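Only this structure's heavy atoms are used, side chains among them; waters, hydrogens and symmetry mates stay out. Keep in mind the model is a prediction, meaning the values are calculated, not measured.
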Amino acid sequence: MHAYSDAAGKFNPDAVRSGNEDNFYVDDNLNDDLVSHCEPDVSKELSEYGLIMAVADGMGGMNAGEVASEIAVETIQEFFSPGKINPENSATHESRKAYLESLIVEADKRVKKDAAGNPEHEGMGSTIILAWLVGNELTVSWCGDSRAYRYNPASGIQLLSEDHSYVQELVQKGVLTYDQTFEHPQGNIVTRSLGDDTKKIKPETRYFNVYDGDIILLCSDGLSGVLRDRKTPDGEGGYFPGNNLEDIIASNKESLVGCREALWRAAEDAQWYDNVTAILCEIQSGAGPAPATAEAPVKPEPATPKSGFKWILLALAVIVLLGAGVFFLLNKGDKAPEPQTTEQFDNPPINNNNDTAGTQSTD
């Protein structure tokens, strides 16, 4: 593993922001008593409860975006402090989803509470993305446009998350292409985030299997906003100039420290303008060979009723049938009822569901 964060403004005096509003959290062993522990480029056996990686990108500029991302990371540290993880909350994708999403909801409450009590923090917010690896299963939960990727030599790079952003909504509608999002004037608008007091927080979660050779990358949009995922045509018979995430990781996968440094150089060459954070984690062995093509998110099997519950349903069904039979016997031979009129069905009620558009926060 390797994790690092820095402010682009330290390298570019013309950068919009000179400070760093990003924060991250890594713990490579959730079974021990250490907090936020990670040794760069060291091979370790994954423990029973796995490891956690998280990135939070503060928003609000002068309104203390760095405070919001710090509150997010403090909440993560509390939820993953020694003794908090157990077989009940770590055993399955569903239990991990519930735990991660409850963490995001709590972080949102704390950011909003701090902003309400500190006028200088009004309007602050933060993105958040978390990736919890247990065995060969990766559970990813997020709000905002910080991203999770998976690279494998057999299948290339795969985006595991989907931005909660205005430009991503335009891509989904077919208004913009992926490449057009890089130069869009509203590319910094996120539609879900911690601290947005105009709406209720709505985390999103996806499940994945991991494989030998996988390199998991979590990053803020300071990286993904200046480097394309892979080589893409420029529409004029060539390709967009500059490096891309897939080629950089492929060329530097022998060392995650070296890989991160190569990502930094490429971002700087691409005239980075925002804070940049990256966490890299490689699956070296024990997870099985990767498929030749990137896999879609895992869809867990639906929960089946417990046997006791099924017997209760069966008993209820028998009671209903017996009741219907008794009613039929009691009414057998009685005069047939008058035909039912259809007047009550002539004008069925109309259900009007009016969706309202939420407000947007800017990163």
Side-chain angles (χ1 to χ4, degrees), residues 16 22 55-57 59 104 125-131 138 140-151 155-194 196 198-199 201-208 216-249 263 266-267 270-278 293-299 355-363:
V16 177
D22 286 4
V55 170
D57 181 359
M59 303 177 298
I104 292 174
S126 178
T127 70
I128 186 171
I129 188 162
L130 306 106
L138 185 72
V140 181
S141 297
W142 76 97
C143 268
D145 61 355
S146 292
R147 293 183 178 182
Y149 291 90
R150 176 238 303 274
Y151 168 82
S155 54
I157 198 164
Q158 177 187 9
L159 179 60
L160 304 183
S161 58
E162 184 174 76
D163 293 355
H164 299 143
S165 68
Y166 176 65
V167 292
Q168 179 59 33
E169 291 180 355
L170 295 180
V171 170
Q172 291 170 339
K173 294 176 182 177
V175 177
L176 293 179
T177 66
Y178 165 72
D179 289 305
Q180 289 172 334
T181 64
F182 281 82
E183 305 299 332
H184 198 279
Q186 294 172 304
N188 64 334
I189 296 178
V190 297
T191 53
R192 299 189 205 178
S193 65
L194 304 179
D196 184 352
T198 67
K199 64 182 71 172
I201 192 73
K202 188 179 179 182
E204 185 172 354
T205 300
R206 290 179 179 175
Y207 314 137
F208 300 90
I216 308 302
L217 166 66
L218 265 63
C219 66
S220 60
D221 70 330
L223 186 67
S224 59
V226 295
L227 298 179
R228 285 170 169 77
D229 295 355
R230 58 179 62 83
K231 285 182 180 177
T232 56
D234 62 5
E236 299 178 1
Y239 288 89
F240 284 97
N243 289 312
N244 59 83
L245 296 176
E246 184 174 61
D247 287 348
I248 295 169
I249 297 174
L263 290 170
Q271 298 181 343
W272 60 359
Y273 56 87
D274 200 357
N275 310 303
V276 180
T277 298
T293 58
E295 288 191 325
V298 175
K299 294 183 178 180
D355 294 333
T356 57
T359 59
Q360 299 165 337
S361 304
T362 57
D363 181 0

### Query
For Asn244 and Lys231, which heavy atoms make the closest approach, and how far apart are they?
ND2-CG, 3.4 Å

### Query
Leu159 and Ala148: which non-hydrogen atoms are nearest, and at how many Å?
CD1-O, 3.5 Å

### Query
Given side chains that start at C-beta, do those of Asp229 and Tyr149 come closer than 4.5 Å, heavy atoms only?
yes

### Summary
Contacts of Ala267 meeting side chain to side chain contact (heavy atoms under 4.5 Å, CB included) (sequence neighbours excluded), chain-then-number -> Leu223, Val226, Trp272

#### Entry: Under the side chain to side chain donor-acceptor pair (under 3.5 Å) test, residues paired with Glu183 that sit two or more places apart
none

### Query
Any idea which heavy atoms bring Arg228 and Phe182 closest together, and the distance?
CG-CZ, 3.4 Å

### Task
State whether a side-chain donor-acceptor pair under 3.5 Å links Asp179 with Thr232.
yes

#### Entry: Residue list, side chain to side chain contact (heavy atoms under 4.5 Å, CB included) with Lys202, at least two apart or on another chain
Arg192

### Query
Under a 4.5 Å cut-off applied to non-hydrogen side-chain atoms, are Thr181 and Gln168 in contact?
no

### Message
Please find the pair of heavy atoms, one from Lys199 and one from Thr191, that lie closest to each other, and give the distance.
### Response
NZ-O, 3.0 Å

### Task
Kindly write out the residues that satisfy side chain to side chain donor-acceptor pair (under 3.5 Å) with Ser161, not counting sequence neighbours, or none if the list is empty.
none

### Set of residues satisfying side chain to side chain contact (heavy atoms under 4.5 Å, CB included) with respect to Gln186, sequence neighbours excluded
Tyr166, His184, Ile189

### Residue list, side chain to side chain contact (heavy atoms under 4.5 Å, CB included) with Thr277, at least two apart or on another chain
Ser5, Asp22, Phe24, Val55, Ser220

